[in-house]
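Starting from 1, each residue takes its place in the sequence as its number. Source: prediction; values computed, not measured.
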Amino acid sequence: MRSPSAARGEAVRQRLLVAAVELIPERGWTAVSTRVLAERAGVTPSVVHYHFSSVQAVLVEAVLGTMRAVAGELGPALDAAGTADEVVDAMVTAVEQYTGTDPMSLLFVEGYLAATRDDTLRAGIAAVLADLKSVIGTRFRQFGVADPDGTAAVLGAAIDGLLMHRAVAPDDVPAGAAAVLRRLV
């Protein structure tokens, strides 16, 4: 059984992570300071460094946790897919809720950008993507798709690309993207 102080400490950690997930899309990765993060979480700045080694560590954990959760939400839809085309449709449907400028899209874009300068974040995102590609590749293998792992990697990159394009040129993203991706698979 956990002690009450351990439970309180975990609650504070979670508030800091939630605050980071809110602040990254609002302000951008580099504009999230200890003071801003603490204020949003309703704690003193010293509490941030009590629970995390740095603000960067909070941001990394927040982004990776969110990416894992979003990738995990895709699992049931992929499990329910009865064909390779339905796998593609499930992937496209899962991202249709994201405009490219919504907070979750911005969180992912900020995370990808920050990963170009942070080896820990880069490795963490790579692990999330590898897990997702493995799940998709397994489904493609079950449906007899040629080069299932390579196809899964390209499909994942294409979906990421569609989201990024929505942020900067929403009119250039075709409504029939799923049909195009199904032809590729």
Does the side-chain contact (heavy atoms from CB on, under 4.5 Å) test come out yes or no for Asp160 and Tyr112, once each step is laid out?
CA-CA 10 Å; Asp160 278 349; Tyr112 277 126; 2.7 Å; yes
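- Rounded to the nearest 0.5 Å, atoms CG (Leu155) and CG (Leu184) are 8.5 Å apart.
- A donor-acceptor pair under 3.5 Å links the side-chain atoms of Asp102 to the main chain of Thr99, judged by distance alone.
- When hydrophobic clusters are built by joining Ile, Leu, Val, Met, Phe, Trp and Tyr residues whose side-chain heavy atoms come closer than 4.5 Å, directly or via intermediates, Val18 is not grouped with Val36.
- To the nearest 0.5 Å, the span separating CG on Leu132 from CE on Met67 amounts to 11.5 Å.
- For the residue pair Val128 and Ala71, the shortest heavy atom distance occurs at CG1-CB, 4.2 Å.
- Leu181 pairs with exactly one of Asp85, Val87, Val92 by the side chain to side chain contact (heavy atoms under 4.5 Å, CB included) rule, that one being Val92.
- Hydrophobic clustering keeps Leu106 apart from Val21 (ILVMFWY residues linked when any side-chain heavy atoms are closer than 4.5 Å, directly or through intermediates).
- Using a 4.0 Å cut-off between charged side-chain N and carboxylate O, Asp89 and Arg182 make a salt bridge.
- Residues Val43 and Val12 form a side-chain contact, since some pair of their non-hydrogen atoms from C-beta on lies under 4.5 Å apart.
- Separating the CZ atom in Arg27 from the OG atom in Ser33 is a distance of 7.0 Å, to the nearest 0.5 Å.
- Rounded to the nearest 0.5 Å, atoms CD (Glu10) and CG (Leu17) are 8.0 Å apart.
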Does Val70 form a side-chain contact (heavy atoms from CB on, under 4.5 Å) with Phe108? I'd like the steps, not just the answer.
CA-CA 10 Å; Val70 169; Phe108 275 58; 4.0 Å; yes
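- Closest non-hydrogen pair, Ala19 versus Arg40, comes out as CB-CG, 3.5 Å.
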Side chain to side chain donor-acceptor pair (under 3.5 Å) assessment of His49 paired with Thr34
CA-CA 8 Å; His49 294 288; Thr34 300; 3.0 Å; yes
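- Remark: Leu121 CG to Glu61 CD distance equals 12.0 Å, nearest 0.5 Å.
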Evaluation steps, side-chain contact (heavy atoms from CB on, under 4.5 Å), between Asp119 and Arg122:
CA-CA 5 Å; Asp119 292 337; Arg122 182 182 307 113; 2.4 Å; yes
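- The shortest side-chain heavy-atom distance between Met91 and Leu78 falls under the 4.5 Å cut-off.
- Listed here is the closest heavy atom pair of Ala152 and Lys133: CB-O, 3.6 Å.
- Looking only at distances, no side-chain donor or acceptor of Thr151 sits under 3.5 Å from a matching main-chain atom of Val145.
- Taking both residues in full, the closest heavy atoms of Ile24 and Glu110 are given as CG2-CB, 3.5 Å, listed atom of the first, atom of the second, then distance.
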Begin with the C-alpha distance, continue with both residues' side-chain angles, and end with the deciding distance and a verdict on side-chain contact (heavy atoms from CB on, under 4.5 Å) for Met104 and Gln97.
CA-CA 10 Å; Met104 190 64 70; Gln97 64 184 311; over 6 Å; no
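- Applying the 6.0 Å contact sphere to CZ of Arg117 captures more than 12 heavy atoms from other residues, nucleotides or ligands.
- At least one cation-pi condition fails for Arg166 and Tyr98: the charged atom is not both under 6.0 angstrom from the six-membered ring centre and inside a 45 degree cone around its axis.
- Residue Tyr50 holds its OH atom at 12.0 Å from OG1 of Thr44, rounded to the nearest 0.5 Å.
- The minimum heavy-atom distance linking Ala90 with Leu74 is given by the pair O-CD1, 3.8 Å.
- A salt bridge between Asp131 and Arg68 is absent, with no side-chain N of the basic residue lying under 4.0 Å from a carboxylate O of the acidic one.
- Looking at every heavy atom in both residues, Trp29 comes nearest to Val60 through CH2-N, 3.9 Å.
- Thr66 places a side-chain N or O within donor-acceptor distance of the main-chain N or O of Ala62, the cut-off being under 3.5 Å.
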